[in-house]
Engineer: 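One structure is given below, represented as structure tokens, and several questions about it will come after.
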Amino acid sequence: MFRTVSVALILMFFAGAASAHASEQGFVLLLPTDVYIAAGGATVALTVVLLAVLPRRVAGALFRPLPCATWLPRPHPVLGLLAAGVLMWLVWRGVSGPRDPMLNPLSLSIWVVFWIALVSLQGLIGDLWRWINPWSGMAALVARITGRGAPMRYPRILGHWPGVASFLAFASFLLADPAPADPARLAQAVIVYWAFHMVGVLLFGGPWLLRAEGITLLMRSYARMGLLGRARGGLALGLPGWQVLARPMPSLGLAVLMLILLGSGSFDGLNETFLWMGWLGLNPLEFPGRSAVIGPNLLGLLLTNLGLIAVFTACLWWGARLAGDGSGISLLIRRYAPTLLPIALAYHIAHYLTSFLLDGQYVLAWLSETLGAGHVHVTAGFLNSPGPVRLIWMTQAGVVVAGHVIALLLAHAIAVRAGQSARRAALAQAPLALFMVAYTVFGLWLLATPRGA
Amino acid sequence: MTTPTKTATRRGALKTLAGGAAAASLPLWARYTHAQSAEPIRIGFQQHRTGIGAAYGRWYGRATEAAVGLINANGGITGRPIEIIAEDDGTDPKRGAEVVEKFANQHGCDVGFGTLFSHVVMGSAPRAGELKLPYFVVSEGTHVSSGMLNRYTLQPGITDVRSQVIAMAPFITDTLGKKVTMIFPDYGFGYDHRDALGPAIEAQGGEVLAKIAIPPSETSFTKYFPKIPRDTEVLYHVMVGPAVLTFVKELGEFFGGRGPELFGFIDSLEAVAIDSPGLDFLEGSHFWEGMCRHQQADESAHETFYREAVGVNARGASVNDPADVSTYGHMFGCWETLHVIKAGMETAGYRGPQDRAALIEAVEAITDMPHSREHPQGAKRFNGKTHQVFGHQYISQVQNGTLTRVHTTAIEDSVYPDMVDYTTQAF
């Protein structure tokens with residue numbers, strides 16, 4: 001047990017990607033998860049009560065950053081070029097390397113290193129993506145060679161909406177493609193996505209990357225959750241979420257993207273559950289495979305996101321009415337959407353923790369074989385014993401609850417900053433708080449309920 | 001292994017020499033084909049790498065790797081090494097068919113191999129038949145011998161559910177009791193057991209008192225237990241899926257150690273440690289095992305060799321991590337099937353895809369396979385007409401947290417009348 005936990009902890013510093021093990025779920029089902037879920041919901045509810053009675057500035061004060069350097073490290077364009085080179089090499093390996101996704105560096109890099117680990121680290125630490133953005137280096141190089149800026153001006157009227165579409169395309173591939181880990185198929189998807197946005201960047205310059213490219217928008221959004229960030233020209237450190245308060249309010253398109261991050265993440269969990277399969281009339285013990293659910297998954301992704309946007313908007317509208325706040329709905333969405341980032345990030349980390357621990361071993365195995373350091377045995381042993389399974393589940397639950405508590409604190413601080421008294425802020429947030437308590441319970445239920453895909 | 005290997009290598013070398021002499025008189029295209037024979041034998045491994053079969057896929061991969069390592073170290077097949085081309089099918093029938101297509105059209109595989117989940121076999125086999133790709137499945141399903149598939153699909157390395165169930169029946173009625181109640185999941189897998197066990201128990205003078213079907217999505221079972229007739233002597237359970245541990249726990253709590261005898265299939269607990277907390281109620285109960293997960297006092301040297309080659313300890317778990325329990329009751333099928341492919345190719349003098357029909361005929365002609373390194377699970381008898389192998393089945397009892405074999409069935413106990421004769425189908 002100790003050894004298993006140690007292995008798990010060591011792996012957490014690397015990265016992980018595939019389906020959960022049946023026996024792990026068997027042990028989760030033996031845990032008193034009902035009690036844990038109730039406790040999680042109660043913790044978040046208690047935070048709501050505390051915020052209503054504590055002095056109004058408390059939440060804001062928690063997020064005050066500490067300066068830790070007067071300078072700001074700047075990424076050299078060569079790094080971006082290097083990242084693009086690595087990506088091209090990975091695509092080539094996707095086409096020419098092993099067909100087994102657990103042995104192919106492209107599948108491992110995209111789904112384990114990037115999607116699970118890097119996205120999580122981006123949210124936990126800060127903007128790492130700007131150092132390895134595979135478009136920025138090329139754009140800088142072309143600009144230097146031609147000595148000119150982008151030939152066309154990005155149409156401002158489009159705002160961040162192309163980025164929303166771009167992220168939805170990525171999410172659709174992740175959730176509805178029959179074989180997103182298949183190296184050859186993934187290589188095609190990656191090269192098409194990269195080339196499309198490279199053309200956009202060459203035509204419209206940096207603004208394309210900041211408004212129309214979904215992955216960069218996702219990463220920049222999650223960077224707002226990082227401990228480290230920019231403040232007054234230097235580097236500062238603060239409680240996760242401090243940058244949400246420090247940054248300007250997002251545009252409506254970007255705010256909607258933040259909602260979609262949460263909605264898509266939630267559907268990522270929901271589409272594996274017995275409940276969802278029951279709705280589709282599928283037998284979860286004999287799941288017919290992803291090929292059979294392309295349409296339902298696309299529809300589910302769309303409906304989950306629309307549903308989330310509708311419920312969130314309704315909560316804001318209702319809260320504003322209770323508090324007598326005359327702000328328009330668009331302004332309210334822009335103001336409060338970033339408060340959902342900690343929930344989305346927490347769920348991302350929790351949802352993929354098991355995959356990370358298992359598939360991260362394949363990354364280590366690949367690295368070890370490539371560097372000639374010998375064979376690494378990939379084990380699922382930690383999923384076959386109640387002790388480690390309980391530890392993993394409690395970690396996931398802890399992360400989810402912490403995400404919701406931070407979300408509530410942020411929402412409160414934003415309401416207070418908008419000029420509301422503590423009482424009014426509490427009133428305005430009552431529906432949103434209710435939503436967050438309910439979402440805590442939903443998120444924990446997703447982790448506890450049996451899955452069949 | 002040394003002697004047969006040497007023989008195989010010598011035989012392979014002779015064939016190559018003979019082929020070389022003949023090649024001079026062949027047309028150009030045929031010479032080209034022959035030149036290719038220095039190349040490896042490509043075996044497309046249809047692996048459940050992702051999806052619901054991933055835990056099985058991982059261990060099927062290890063057994064395959066070990067068998068290929070052994071065969072290659074001993075000269076390969078007719079002097080040519082085996083190259084495994086693993087493709088993930090996502091445990092998805094439609095992708096299964098696509099993978100089979102890739103094997104035939106893209107990777108130039110000689111045969112396809114290794115599929116476990118029945119629905120993937122059902123989805124892939126028709127395509128293998130159309131593409132005339134010999135397709136060796138390791139699935140346990142009765143679909144091969146039922147006649148639903150085609151001449152290109154064979155199951156020579158693992159027995160099927162029907163034969164397993166009917167072989168169990170005499171032990172159940174003679175040793176545990178004649179009044180049986182069945183609990184099974186309410187879909188195909190459960191029905192296979194339901195439909196096979198009832199007649200087999202009745203043939204032994206026993207009686208199936210009740211057949212309790214549980215919805216596949218059920219996660220709490222206590223409400224079903226009062227349906228078990230009071231005079232039940234044996235409770236036959238074949239629950240699978242994530243809720244199986246809950247099922248066992250609730251069953252134990254319901255009966256409190258005073259209930260009927262329990263008889264189950266190891267499928268329920270493949271890759272799960274039998275001495276896990278919560279499974280204490282299984283102490284004293286009986287299980288069918290395809291191969292005895294825990295090392296028995298009288299384990300054969302062949303099986304010990306196999307255990308070491310695959311990297312499995314005396315508890316059926318990885319030697320690298322004792323918590324990583326293998327799918328021991330099934331994965332031997334990969335090892336044995338690869339050896340059947342080797343035997344079939346060598347008999348057929350297999351050179352390339354043009355000899356695929358000859359390979360199938362050679363495998364169809366196989367009858368008895370003695371207990372050996374190639375067949376560490378035990379002796380087997382292949383039925384060339386139905387493309388299905390028959391073998392010994394093992395019944396183990398949980399004694400002090402260890403699965404201890406208490407009965408071995410004869411091959412004859414598991415045989416049933418032919419339902420098809422694939423040899424009458426044209427290639």
Side-chain angles (χ1 to χ4, degrees), chain A residues 1 3-4 7 17-30 98-104 107 178-184 273-275 277-278 282-292 358-359 375-388 449-453, chain B residues 45 47 49-55 58 61 85-96 98-99 102 106-107 117-120 123 185-190 215-219 240-246 249 269-273 276-278 311 317-325:
Chain A
M1 155 98 190
R3 193 170 148 252
T4 312
V7 170
S19 74
H21 195 280
S23 63
E24 171 236 352
Q25 287 185 58
F27 289 113
V28 170
L29 291 178
L30 290 181
R99 299 297 86 210
D100 182 341
M102 295 300 159
L103 302 179
N104 191 294
S107 308
D182 178 74
T273 63
F274 275 28
L275 181 73
M277 290 187 192
L282 298 175
N283 175 0
L285 301 185
E286 202 176 38
F287 179 61
R290 290 174 62 116
S291 298
L358 185 59
D359 300 338
H375 173 75
V376 169
H377 177 81
V378 173
T379 180
F382 61 99
L383 300 177
N384 292 340
S385 328
T449 195
R451 297 185 297 272
Chain B
F45 178 24
Q47 194 173 14
R49 210 43 159 137
T50 56
I52 51 173
R58 199 159 36 244
I85 295 167
E87 278 270 5
D88 174 30
D89 62 18
T91 327
D92 176 333
K94 186 165 175 285
R95 278 183 66 194
E98 290 166 7
V99 162
K102 281 190 189 175
Q106 199 175 317
H107 302 317
F117 272 60
S118 297
H119 62 325
V120 185
D186 196 3
Y187 73 99
F189 170 78
S217 56
E218 190 58 83
T219 53
V240 288
V244 68
L245 303 184
T246 312
K249 181 168 169 280
L269 295 168
E270 268 298 57
V272 177
S276 296
S318 164
V319 291
N320 296 97
D321 177 6
D324 194 9
V325 179

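Worth knowing before you read on, the calculation uses all heavy atoms, side chains too, and leaves out hydrogens, waters and symmetry mates. Note that the structure is a prediction, hence the values are computed from the model and not measured. Below, chain A is the first sequence line, B the second, and so on; all start at residue 1.
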Engineer: Heavy-atom pairs under 4.5 Å with chain B are the metric here; pick the option from A:Val378, A:Leu275, A:Asp100, A:Thr449 that has the most.
Structural biologist: A:Asp100

Engineer: Holding to side-chain contact (heavy atoms from CB on, under 4.5 Å), I want the full list of residues that pass it with B:Asp186, two or more places apart in sequence or in another chain.
Structural biologist: B:Tyr191, B:Ala213, B:Pro216

Engineer: Salt bridge check: are A:Asp182 and B:Lys102 linked by an N-O gap of less than 4.0 Å?
Structural biologist: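 Looking at B:Lys102 together with A:Asp182, the answer is yes, because their closest N to O distance falls below 4.0 Å.
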
Engineer: Measuring only between side-chain heavy atoms, which start at C-beta, is A:Leu285 closer than 4.5 Å to B:Phe189?
Structural biologist: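 No, too far: nothing below the 4.5 Å cut-off.
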
Engineer: I need the residue from A:Ser291, A:Pro386, A:Pro98 with the largest number of non-hydrogen atom pairs under 4.5 Å to chain B.
Structural biologist: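 Of the options given, most contacts go to A:Ser291.
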
Engineer: Do you know which of A:Pro183, A:Ser385, A:Pro101 has the most heavy-atom pairs with chain B at a distance under 4.5 angstrom?
Structural biologist: A:Pro101

Engineer: Name the region of B:Thr246, side chain, backbone, both or neither, that has any atom closer than 4.5 Å to a heavy atom of chain A.
Structural biologist: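 Both parts, backbone and side chain.
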
Engineer: Do any N or O atoms from the side chain of B:Arg95 and from the backbone of A:Arg290 form a donor-acceptor pair under 3.5 angstrom?
Structural biologist: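 Pair absent, no side-chain N/O of B:Arg95 close to backbone of A:Arg290.
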
Engineer: With a 4.5 angstrom heavy-atom cut-off, is it the side chain or the backbone of B:Val240 that approaches chain A, or both, or neither?
Structural biologist: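 For B:Val240, heavy atoms of backbone and side chain both lie under 4.5 Å from chain A.
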
Engineer: Does the side chain of A:Thr379 pick up a donor-acceptor pair with the side chain of B:Asp321 at under 3.5 Å?
Structural biologist: yes

Engineer: Tell me, side chain or backbone of B:Ser217 under 4.5 Å from chain A's heavy atoms, or both, or neither?
Structural biologist: both

Engineer: At a 4.5 Å cut-off on heavy atoms, which part of B:Gln47 comes close to chain A: side chain, backbone, both, or neither?
Structural biologist: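 Side chain only.
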
Engineer: Using atom types as modelled and distance alone, determine if a side-chain donor or acceptor of A:Glu286 lies under 3.5 Å from a backbone N or O of B:Tyr187.
Structural biologist: no

